[in-house]
Number of protein chains: 2
Amino acid sequence: MIFGVKSSGPSAGPPRGGSGAAFLVAQVGAHAASMFAERLAALGLSPPHAGILRALSGAPGISQRALGTMLGILPSRLVILLDELDERGLLERRDDPDDRRTYRLFVTDKGQESLEAIGRVARAHQVALCAALSDDERRTLADLLSRIADEQGLTPGVHPGFRKMGSAAPRTGPKGPRPRGAPRR
Amino acid sequence: MIFGVKSSGPSAGPPRGGSGAAFLVAQVGAHAASMFAERLAALGLSPPHAGILRALSGAPGISQRALGTMLGILPSRLVILLDELDERGLLERRDDPDDRRTYRLFVTDKGQESLEAIGRVARAHQVALCAALSDDERRTLADLLSRIADEQGLTPGVHPGFRKMGSAAPRTGPKGPRPRGAPRR
DNA sequence: TATTGTTATACTCTATAACTATA
DNA sequence: TATAGTTATAGAGTATAACAATA
């Protein structure tokens, strides 16, 4: 668990009744992300891998720098992810004749096949996730979420990740001594 | 970025057009989680802290074990989170006279105040997140997500966290030697 | 001097195992 | 022997700094 916050007092606020829309989006969203990651694992890929391949297929020849900026992945992490995709032969790093510092990234034929497999996985995932809804309702859901995403300034097709999630409460004092492995008494 | 997967070929599948409902839920959900965490940080709390206080207020006197099971938090992590809330005086660990191994957890008065502050933060968060929707639309969204959450077997009020997210592709070989800090050539 | 790709390092969160006290 | 709480430790993901090659 991570969240779990609904209306406190008897007052009536947005998150009344069971759970509010905001909490439900986060809850179902985390569930959806986990389920999708699990399906992707069957292909030997992680969500970041899939996002990179997809972005790359839409912007062939892009540099690592530009790709990282586009997807919000730090350079140091991107190197590792690209190495993994490179090792699998799903993408190619070609030299840039105009700037010997940079690479030009391309999806290989094998990478294209992976991309298609990812698409099939994504479709199966969506069907499973929205099993409780009719086609019309699923479209309504997508429309509402789409409008929120737009108004909130989210980049279409780019998952924001979970950068600023934990912490918020740095351990203060020296955590008073407490007998190891036992209740203090 | 993490995901980013839409329909691949020209075929028509669930995630056609812009993005599918499944991707949008994950995208907006991660955004909502980040925004909420940011607001909570102003109170010196993290999402897990808030979830613990809330769960505790609904089950006074519960043991750490039971709380961890309820929220899906591992015992080793729960100890740290409870220590932090304890240090802030938001909860109390009382001895259980019937079983000297366990504690009985209670929210303090100060913790109750925090809980109310968390409620206010949650309401403001929801209003901001759903600014693009009318009240009716927000209710529709909550209803649709609620039905998905129910059908998917999610526990009401419990955020599933992000346990099985990364990996799926363990580094294979010894990562061929490459000149340090420079392109290989 | 600035930039690209890379490595090193620290911090957090997740997960497992081991340990103490108690049952 | 089993269980509750605790600690230690390893593994990922995030983030920053530093580095070599090139601009």
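Numbers restart at 1 for each chain; the letters A, B, ... are given by sequence-line order, proteins then strands. No hydrogens, no waters, no symmetry mates; every other heavy atom, side chains included, goes into these values.
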*Is there a donor in the side chain of S46(B) and an acceptor in the side chain of H49(B), or the other way round, less than 3.5 Å apart?*
yes

_Whole angstroms only, please: what is the CZ-P distance between R77(A) and dC13(C)?_
17 Å

_Starting the side chain at C-beta, find the nucleotide from dT4(C), dT14(D), dT6(D) nearest to L74(A)._
dT14(D)

*What distance do L78(A) atom CG and L85(A) atom CG have between them, rounded to the nearest 0.5 Å?*
9.5 Å

*Within the structure, does a side-chain N or O atom of R93(B) lie under 4.0 Å from either OP1 or OP2 of dT6(D)?*
yes

*In whole angstrom, give the distance that lies between atom CD1 of I73(B) and atom P of dT16(C).*
16 Å

*With under 30° as parallel and over 60° as perpendicular, where do the rings of F23(A) and H159(B) fit, or are they tilted in between?*
perpendicular

_Interface with DNA chain D, restricted to residues 60-67 of chain A and to heavy atoms under 4.0 Å_ = none

_Whole angstrom value for the distance that separates P of dT6(D) from CG of L78(B)_ = 8 Å

*Send over the distance from R100(A) CZ to dG5(C) P, rounded to a whole Å.*
14 Å

*Rounded to the Å, how far apart are I80(A) CD1 and dT7(C) C1'?*
9 Å

*Please confirm whether any donor atom in the side chain of S76(A) sits under 3.5 Å from an acceptor in the base of dT16(D), or the reverse.*
yes

*R101(A) CZ to dC19(D) P: how many Å, rounded?*
19 Å

*Using whole Å, report how far CG of D98(A) lies from C1' of dT3(C).*
16 Å

